[in-house]
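The next block holds one structure in the form of structure tokens; read it before the comments.
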Amino acid sequence: MKKARSKKSKVIIAVVCVIAAIAVIFGTAYGFYHSKISLMNFSDGKWFGTIDENDDSVKNEAADMDKATADLEEREIIEAEGGIYSSENVTNILLIGTDERSKQFSNNARGDTCMLLSLNKKEGTVKLVSFERGMGVPILDGQYKGQYDWLTHTFRYGGADLMMREIQECFKVEVNRYIRVNLSTFIDGIDAIGGIDIELTQAEADYINHPQGTYAEYHIAEMKIKDEVQQVKAGMNHLNGATAMLYARCRYIDSDWGRVKRQQKVIQAAVNQVKNLSISEMNNMLNVILPLVQTNLKESEISGLLLSAPQFLGAQIESKTLPEAGTYGSMTGMGGRKLFAADFETNSEILHDFIF
């Protein structure tokens, strides 16, 4: 059961540093710039799929949600009212981490990590909002239109396009661009930037050093990284890709909410590391990471991000997770699955205040 359940624990890695580090191309020859952009996978993110209700990972994730919602009050979702909010100074990009085991992208994946990257060109700020994957959302299109299910499943039902629409409609914030990575980006991406500095608690260090009987034991066997995992200590550590993967996927010692916080720390650490890379190191990093990235950003939009990238390189990322505590209960959705039933009206106001 633990093995099947752990298959859902994915994380976005090095997405922010892809945008920031590619700034090295700014001011260089067009041919070099174009050669790097051509490494990326461009897709409008539109497709439709279904969920196998008998899949073990779906069943075991449902069991987890039964426990997570056991003490919550039953309630209905409160929809947000009003129009979609946007600003000419703010660029919102949905960062999606999907659950493939290979370097190839699949239309049969789920979006297990969903974050909104918000860049404010006027203020020079970078903000990152994580959305709880078990949050219930109304399915806006496809075979299951009108029903409610986990946010993570909407990627399977309608691709990145549907997942963006869910965030936009539920939280009333404009988002029509995405960047997608999968698990293959994780270890390769962290190693490509030379590792990251992460401060570990004693519980986190024990989880990595003594994986027997935990999710980490299965992760190590699944990814064949036994010889790559480092011995760590409580306090500051410089983690390679394999060790960072165990850290970022960890929810065994606390909860999925704790795992989200670790994901945010990994992204900040990756950005910090990228700032110290030489031009040749950045070039090598881009060669590794860009083929593992899928996006619907236009080349002209990427060029615009490059022009404004220098003002963001020194920024400290401000992070938030939604829905906020006290703003959600539980409800039952399609397939009898328990969902976090959010007050989207309240959380959309929280998101607007945070971003704008």
Side-chain angles (χ1 to χ4, degrees), residues 8-13 15-16 18-19 40-51 57-58 61 65 77 79-80 84-86 91-100 105-118 128-183 185 256 260 263 267 292-297 301 320-323 333-335 337 339-340 342 344 347-348 351 355:
K8 291 270 289 175
S9 298
K10 305 295 177 294
V11 62
I12 282 185
I13 187 62
V15 178
V16 176
V18 168
I19 297 173
M40 300 174 72
N41 297 281
F42 291 91
S43 170
D44 62 8
K46 295 180 180 179
W47 57 80
F48 293 98
T50 61
I51 286 290
S57 61
V58 175
E61 195 69 19
M65 283 296 294
I77 285 176
E79 296 182 0
I84 305 300
Y85 199 83
S86 64
T91 299
N92 291 322
I93 303 171
L94 199 65
L95 309 181
I96 304 171
T98 51
D99 62 358
E100 298 97 339
F105 290 112
S106 166
N107 289 355
N108 201 37
R110 287 171 288 198
D112 279 348
T113 298
C114 181
M115 298 178 175
L116 187 67
L117 172 66
S118 186
L128 191 66
V129 181
S130 298
F131 299 100
E132 166 55 43
R133 61 181 180 166
M135 180 172 56
V137 295
I139 303 169
L140 300 175
D141 204 355
Q143 178 177 338
Y144 306 111
K145 183 177 180 179
Q147 300 188 62
Y148 287 82
D149 203 355
W150 300 325
L151 176 64
T152 180
H153 279 182
T154 62
F155 190 90
R156 174 77 67 85
Y157 298 151
D161 179 70
L162 179 58
M163 206 169 203
M164 287 187 293
R165 289 167 57 193
E166 298 290 347
I167 296 300
Q168 179 165 284
E169 292 299 324
C170 287
F171 292 92
K172 301 301 181 183
V173 61
E174 184 179 69
V175 52
N176 50 32
R177 293 292 179 257
Y178 78 92
I179 295 176
R180 173 191 181 187
V181 297
N182 61 29
L183 192 56
T185 314
D256 198 51
V260 167
Q263 295 173 9
I267 290 180
L292 305 179
V293 172
Q294 184 183 80
T295 185
N296 68 343
L297 281 164
E301 292 171 327
K320 182 175 288 292
T321 302
L322 295 178
M334 61 179 289
R337 288 184 283 277
L339 323 172
F340 292 123
F344 286 116
N347 280 282
S348 67
L351 181 59
I355 291 179

Practice task
Could you list the residues that satisfy side-chain contact (heavy atoms from CB on, under 4.5 Å) with Lys320, not counting sequence neighbours?
Solution key: Leu322, Glu324, Ile350, Phe354

Exercise for the section: Please check if the distance between the ring centroids of Trp150 and Phe155 is under 6.0 Å. Expected result: no

Practice task
Calculate, to the nearest 0.5 Å, the distance between atoms OH and CG belonging to Tyr85 and Leu351 respectively.
Solution key: 11.5 Å

Exercise for the section: Evaluate the side-chain proximity of Glu169 to Ile84: yes if any heavy-atom separation is below 4.5 Å, no if none is. Expected result: yes

Handout entry: Under 3.5 Å: donor-acceptor pair, side chain of Asp112, backbone of Thr98
Key = no

Problem - Atom of Leu151, atom of Thr154 and distance for their closest heavy-atom approach - result: O-OG1, 2.7 Å

Exercise for the section: Could you check if a side-chain atom of Asp161 sits within less than 4.5 angstrom of a side-chain atom of Asp44, using non-hydrogen atoms only? Expected result: no

Handout entry: Leu162 side chain near Phe48 side chain, heavy-atom distance below 4.5 Å
Key = no

Practice task
May I ask you to check whether over 12 heavy atoms, not counting those of Glu79, lie within 6.0 Å of atom CD?
Solution key: no

Exercise for the section: Work out which heavy atom in Gly136 is nearest to a heavy atom in Ile77; give both atom names and the distance. Expected result: O-CD1, 3.3 Å

Practice task
Find the distance between CE (Met164) and CG (Leu116) and round it off to the nearest 0.5 Å.
Solution key: 11.5 Å

Handout entry: Residues in side chain to side chain donor-acceptor pair (under 3.5 Å) contact with Ser118, at least two apart in sequence or another chain
Key = Asn92

Quick one: side chains of residues 172-179, donor-acceptor pairs under 3.5 Å with protein atoms, not counting sequence neighbours, listed by atom name and distance.
from   : atom 1 : to     : atom 2 : distance (Å)
Arg177 : NE     : Glu301 : OE1    : 2.7
Arg177 : NE     : Glu301 : OE2    : 3.1
Arg177 : NH2    : Glu301 : OE2    : 3.2
Tyr178 : OH     : Ser43  : O      : 3.0
Tyr178 : OH     : Gln294 : OE1    : 3.3

Practice task
Would you mind checking if Arg133 and Glu61 are paired as a salt bridge, meaning a charged N to carboxylate O distance below 4.0 Å?
Solution key: yes

Handout entry: Side chain to side chain, Val137 and Ile167, heavy atoms closer than 4.5 Å
Key = no

Problem - Sequence-distant partners of Phe42, side-chain contact (heavy atoms from CB on, under 4.5 Å), two or more places apart - result: Ile37, Met40, Thr295, Ile302

Exercise for the section: Sequence neighbours left out, what passes side-chain contact (heavy atoms from CB on, under 4.5 Å) with Asp149? Give chain and number order. Expected result: Ile139, His153, Tyr157, Met334, Arg337, Leu339

Completion exercise
Here the gap from Glu166 atom CD to Leu94 atom CG, rounded to the nearest 0.5 Å, amounts to 11.0 Å

Problem - Side chain proximity check, Arg110 to Val58, heavy atoms < 4.5 angstrom - result: yes

Handout entry: Atom of Cys170, atom of Ala80 and distance for their closest heavy-atom approach
Key = O-CB, 3.5 Å

Problem - Minimum heavy-atom distance Met163-Gly111, with the two atoms named - result: CE-O, 3.3 Å

Practice task
Work out which heavy atom in Met65 is nearest to a heavy atom in Gly134; give both atom names and the distance.
Solution key: CE-O, 3.6 Å

Exercise for the section: Applying side-chain contact (heavy atoms from CB on, under 4.5 Å), name anything that partners Asn108, two or more places apart in sequence or on another chain. Expected result: Ser106, Arg156

Exercise for the section: Work out which heavy atom in Ala342 is nearest to a heavy atom in Asn347; give both atom names and the distance. Expected result: CB-ND2, 4.5 Å

Problem - ring-ring contact (aromatic ring centres under 6.0 Å, His included) partners of Phe171, counting only residues at least two apart - result: Phe131, Phe344

Fill in the blank from the handout: Distance col, row Ile51:CD1 vs Thr152:OG1, nearest 0.5 angstrom, shows 8.0 Å

